[in-house]
Participant: 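Got a structure for you, questions after.
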Amino acid sequence: MDSKSDFPKLLRDYRKENGLTQRSLAAKLGLSYNSVVDYENGRSIPSPQSREVIAQKTGIDISRIPQGKRGAKTAFSPLTEQEQLFAEQQHDIVVKYLLHNKLPFDRWYDVVIFRYLQAVKSWFSRPDLHKYTFSTIAQHNMRSAVMNEMQKRSQQPVTVSIYDYIPGTEFTYEGRLCDPRDNVNTDFELLQSNAKRNRRVKQ
């Protein structure tokens, strides 16, 4: 069995043997939840940087971990052991933040987790932040990530139906971009009728 086909099982076995969920393993490795899911399902290959982190944190032989350009990369340097332990201990902050703001986990966890981990890095590298609670720093980072993502999504084009109403004209027939009562064959039928009449006149 080559390393590419062997790695998903090795990672999955490591996670289960250590009683970790895919989300907690992602936090431990400093990777996104989707990256861990893709690695375990063989849909993605770790980048060189992620490959080294996985080997270091899990003890999996690096020669059995494939690497490729398409692998997910961390947006910051890997967490130290102390930072990793702290991130795992404080992970409830992420869960509570999503629940409090009614943000679905499957859509928003990956949006906030990187900023949460960046808050961990900042907490250890910047003692001046200790005048605030870590929860305050983490929530500020996550809120910023959510606002940026919402702004990005609001700028994406919206698909509408041709049967939608034009804003402000909901109660008028003209408000329709196109009305389902419209007979799109009317012009064609009219041409057919005219042609038949012309043939009768010629006869």
Participant: Taking all non-hydrogen atoms of both residues into account, name the closest pair between Phe7 and Arg64 and its distance.
Facilitator: CB-O, 3.6 Å

Participant: Can you see which heavy atom on Gly30 is nearest to which on Leu117, and at what distance?
Facilitator: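 Here Gly30 and Leu117 meet closest at CA-CD1, 3.9 Å.
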
Participant: Assess, by modelled atom type and distance only, whether the side chains of Gln139 and Ser135 contain a donor and an acceptor separated by less than 3.5 Å.
Facilitator: yes

Participant: Starting from Leu85, can I reach Ile137 by hopping between I/L/V/M/F/W/Y residues whose side chains sit under 4.5 Å apart?
Facilitator: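 The answer is no; the residues belong to distinct hydrophobic clusters.
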
Participant: Is it the case that over 12 heavy atoms from other parts of the model lie below 6.0 angstrom from the NE2 atom of His130?
Facilitator: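 Correct, the count exceeds 12.
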
Participant: Could you tell me whether a side-chain N or O of Asp61 sits under 3.5 Å from a main-chain N or O of Ser63, the two making a donor and an acceptor?
Facilitator: yes

Participant: Evaluate side-chain contact (heavy atoms from CB on, under 4.5 Å) for Thr21 paired with Leu25, printing each intermediate quantity in order.
Facilitator: CA-CA 6 Å; Thr21 64; Leu25 177 58; over 6 Å; no

Participant: Hey, does Leu99 have a side-chain heavy atom less than 4.5 Å from the side chain of Phe105?
Facilitator: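 Phe105 vs Leu99: side chains touch.
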
Participant: Report yes if the side chains of Arg115 and Ser144 come closer than 4.5 Å at any heavy-atom pair, otherwise no.
Facilitator: yes

Participant: Calculate, to the nearest 0.5 Å, the distance between atoms CD and CD1 belonging to Glu52 and Ile62 respectively.
Facilitator: 5.5 Å

Participant: How long is the gap from CZ on Phe114 to CE on Met142, to the nearest 0.5 Å?
Facilitator: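 These two atoms lie 14.5 Å from each other.
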
Participant: When rounded to the nearest 0.5 angstrom, what distance separates CD1 in Ile93 from CG in Asn141?
Facilitator: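 Rounded to the nearest 0.5 Å, the CD1-CG separation comes to 11.0 Å.
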
Participant: Look only at the side chain of Thr58 and the backbone of Ile54, and say whether a donor-acceptor pair between them is shorter than 3.5 Å.
Facilitator: yes

Participant: Heavy atoms only: give me the nearest Ala119-Ala138 pair and the separation to one decimal.
Facilitator: CB-CA, 3.9 Å

Participant: Would the number of heavy atoms belonging to other residues, nucleotides or ligands and lying under 6.0 Å from OH of Tyr132 be above 12?
Facilitator: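 Not buried by this count: 12 neighbours or fewer within 6.0 Å.
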
Participant: Keeping the roles fixed (side chain from Ser122, backbone from Gln118), state whether a donor-acceptor pair exists under 3.5 Å.
Facilitator: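 At least one qualifying donor-acceptor pair exists.
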
Participant: Between Tyr97 and Tyr116, does the ring centroid distance fall short of 6.0 Å?
Facilitator: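 Ring-ring flag for Tyr97/Tyr116: false, centres at least 6.0 Å apart.
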
Participant: Using modelled atom types only, decide if a donor and an acceptor are shared between the side chain of Ser125 and the backbone of Lys121 within a distance under 3.5 Å.
Facilitator: yes

Participant: Give, for atom CZ of Arg23 and atom CG of Asn34, the distance between the pair rounded to the nearest 0.5 Å.
Facilitator: 8.0 Å

Participant: Between Glu40 and Arg15 (salt bridge meaning N to carboxylate O under 4.0 Å), is one present in this structure?
Facilitator: yes

Participant: Below 4.5 Å, heavy atoms only, C-beta onward: do Val112 and Val146 meet side chain to side chain?
Facilitator: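 Yes, close enough: below the 4.5 Å cut-off.
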
Participant: Could you tell me whether a side-chain N or O of Glu83 sits under 3.5 Å from a main-chain N or O of Thr80, the two making a donor and an acceptor?
Facilitator: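 Indeed, once roles are kept as given, a pair shorter than 3.5 Å links the two residues.
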
Participant: Just by modelled atom types, is the Pro46 backbone N or O under 3.5 Å from a matching donor or acceptor in the Arg51 side chain?
Facilitator: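 Between the backbone of Pro46 and the side chain of Arg51 there is no qualifying donor-acceptor contact (under 3.5 Å).
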
Participant: For Gln82, is the CD atom crowded, meaning more than 12 foreign heavy atoms sit under 6.0 Å from it?
Facilitator: no

Participant: Looking at OH of Tyr39 and CD1 of Ile65, how far apart are the two atoms once the value is rounded to the nearest 0.5 Å?
Facilitator: 10.0 Å

Participant: So Leu79 and Phe124, do their side chains get closer than 4.5 Å, heavy atoms only?
Facilitator: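 Counting from C-beta outward, Phe124 and Leu79 never come under 4.5 Å.
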
Participant: Apply salt bridge (Lys or Arg N to Asp or Glu O under 4.0 Å) to Arg126 and list each qualifying residue two or more places apart in sequence or on a separate chain.
Facilitator: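 If we apply the salt bridge (Lys or Arg N to Asp or Glu O under 4.0 Å) test to Arg126, skipping adjacent residues, the hits are Asp128.
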
Participant: Rounded to the nearest 0.5 Å, how far apart are OH of Tyr33 and OH of Tyr109?
Facilitator: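 Reported to 0.5 Å precision, the distance equals 9.5 Å.
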
Participant: Run the salt-bridge test on Lys96 and Asp92 with the 4.0 Å N-O cut-off and return the result as yes or no.
Facilitator: no

Participant: Whether the side chain of His91 engages the backbone of Ala27 through a donor-acceptor N/O pair (distance < 3.5 Å, no angle test) should be reported.
Facilitator: no

